[in-house]
Structures are given as structure tokens and as C-alpha cells.
Amino acid sequence: MLFSIITIVYNGESLIEGTMQSVLNQTFTNYEYLIIDGQSKDKTFKIVENLQTKHPLSIKAISERDKGLYDAMNKGLGLARGEFIVFLNAGDRFFESTTLEKVAKCVTPDTDILFGETMLVNDGRQHMGTRTDLTVQKLPRQLTWRRLRYGMVVCHQSFFARRTLAESYMDNNLAADIDWVIRCLKKSKTTVHTQTIIAEYLMGGVSKIRHQQSLKDRYAVLSTHFGWLPNLFNHAVIVVRALIFKLKNKGKVSY
């Protein structure tokens, strides 16, 4: 398989089908689709099983208790067999039916990382604008691990990593995604900008709900990779840049 697409879900009965259909409707079919359910108490896994019956060759699903989001993501990594890994969690979707086809055309034998833009959507699935448009984080044309010194410049859902580079996620840290992306990029020799919008990201999520803890965890992670003194300076830049962005975009849609 060229791609392993992994979806993590828990009690997501209103979200899971849309996410799954965005994968199953892809024109490019050289992928495996892994659903990791945290033993949902609603109808989530029933919906998964119904779709799995219709697409038995594409979908592999498990439902069991886990220790949280990143523990579930590590389970997905352990099951994946594709050349490249991408996480598309419940509520997120591929941007269009040709997304994987476009990404696949960018793959060469030397490619380690593929990345692209992300469209932010609200609860009504309205396109609010790209992550570059609505946040202070701008997707760079060239992505290296040092580009993340000011935070997550690439959305996790629009980041494909070669499976052989992908280590396990750290646990009990809301910034485990940025740590994982940095570690993948440190190993990458060839990182490719796909020049396309890859995913729709449903605004919200754990890091927004638990914002203060997320900021503390991010500070600790970035200190580990960049050093405490450079990270202190970098966070001063982050604060000033965020204030300028808010002033410039006062009254406009932002995230």
C-alpha cells in the first residue's frame, strides 16, 4: 500500500461517516484505511462496521479502550503497512475526491515527507479559509524542522510521513503532534510541498479546549528541540506576532 490513512475516534457518531466517506470516495485507491475506536459508547462503531461491510478490502477497524488520543494514534502506527502515514481524525476530511491522487503524483523513491495546505471548516462544514489565511501560522514553501521553532506551521492532517521515519507519539502531552512532526522532519532527506489543499480541519479539538495546558506542553516540547534560551526568545516572537495578527485582523474571521 502506498498510503496508510488512520482515523482516531471516540463517541463521534455525528462525525465519523463524513470522515470515512471522504476517504472511500477517493479516486486513488492504493491505500489501507485504519479506524481506531476507543470503545465508543454511542453508535460510532456501528457506523464503522456498516461501512466496513461495504468496503471489506479497504477498511480495518478495532474498538478497544485506550489511554487517550496519542495512545490510540500509536496503535494506528503499529498496525500501518503503507509506505506513508497520514492521520485524518473524526471530523476531518480530505478536501476533495482527487486529493490522494494529487499527493501520489508527488511521490518519488526519495520522498520522505509530503505536505500541503489545510482548509478550516466550522460545524456546518462551511469553508472559513485556509489555515494560512486565518491563523498566524503560514505554511512555508520549504518545510524543515527548524521552521517549527515558532509553532505548528503545518497541520497534522495535511502531513504525510514515510512510515519508516515515524516514531511513536509521546504520551500525556497536548503538543505531542508538533514533537512527532519535528522528529519526522529531522530524519527527512526530501520534503515535498504538494501545492494543494489536502484536508478539511474541523475547528476546535482538544488543544483549543484545553488551551492553557496546550501552551505549556508546546513550550516544553520546543525547549527540548531548540534549547531553553532560544525557545524563550522564540516565544517572545510568538506573543508579539500573535498580537500584531489580532490587531490587523480585528473584526475579521480568524482562528
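Just the heavy atoms: all of them, side chains too, but no hydrogens, waters or symmetry mates, feed the values below. Everything numeric here is computed off the predicted structure, so don't read it as measured data.
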Exercise. Identify the residue among Lys186, Arg162, Arg163, Lys189 that makes a salt bridge (charged side-chain N to carboxylate O under 4.0 Å, His left out) with Asp112.
Key: Arg162
Quiz item: Where the side chain of Gln21 meets the backbone of Ile16, is there a donor-acceptor pair that is under 3.5 Å apart?
Solution: no
Exercise. For Thr130 and Asp133, indicate whether the former's side chain and the latter's backbone hold a donor-acceptor pair under 3.5 Å.
Key: yes
Exercise. Answer with yes or no whether the side chains of Thr118 and Gln157 bring together a donor and an acceptor at under 3.5 Å.
Key: no
Practice problem: Would you check if the side chain of Thr194 reaches a backbone N or O of Val103 as a donor-acceptor pair within less than 3.5 Å? | Solution: no
Exercise. Assess the side chains of Thr108 and Thr111: does a donor N or O sit below 3.5 Å from an acceptor N or O?
Key: yes
Give every donor-acceptor pair under 3.5 Å between a side-chain atom in residues 234-244 and any protein atom, sequence neighbours left out.
unit_1	atom_1	unit_2	atom_2	d
Asn234	ND2	Pro230	O	3.2
His235	ND1	Asn231	O	3.1
His235	ND1	Asn231	OD1	3.1

Self-check item: Side-chain donor/acceptor of Asn25 to backbone N/O of Ser97, under 3.5 Å
Solution: no
Quiz item: Heavy-atom count around Gln195 CD within 6.0 Å, excluding the residue itself: above 12?
Solution: yes
Quiz prompt | Expected output: side-chain Trp180 to main-chain Glu167 donor-acceptor under 3.5 Å | solution = yes
Self-check item: Ring centres under 6.0 angstrom apart (Tyr70, Tyr169)
Solution: yes
Exercise. Output yes when a side-chain donor or acceptor of Glu32 lies under 3.5 Å from a complementary backbone atom of Arg81, and no otherwise.
Key: yes
Exercise. Any salt bridge (Lys or Arg N to Asp or Glu O under 4.0 Å) involving residues 61-70? Give me the pairs, sequence neighbours left out, ordered by first then second residue.
Key: Glu64-Lys75
Exercise. Determine the minimum heavy-atom distance between Asn11 and Ser40, stating which atoms define it.
Key: N-OG, 2.7 Å
Quiz item: Closest approach of Ala90 and Val9, non-hydrogen atoms and distance?
Solution: CB-CG2, 3.6 Å
Quiz prompt | Residues that Asp71 engages under salt bridge (Lys or Arg N to Asp or Glu O under 4.0 Å), provided they are two or more places apart | solution = none
Quiz item: Would you call Glu13-Lys46 a salt bridge at under 4.0 Å N-O?
Solution: no
Quiz prompt | Polar side-chain atom of Lys60 near backbone of Leu34 as donor-acceptor pair, under 3.5 Å | solution = no
Self-check item: Output field: ring centroids Phe28/Phe94 closer than 6.0 Å
Solution: no
Quiz prompt | Thr44 and Tyr10 side chains, donor-acceptor separation under 3.5 Å | solution = no
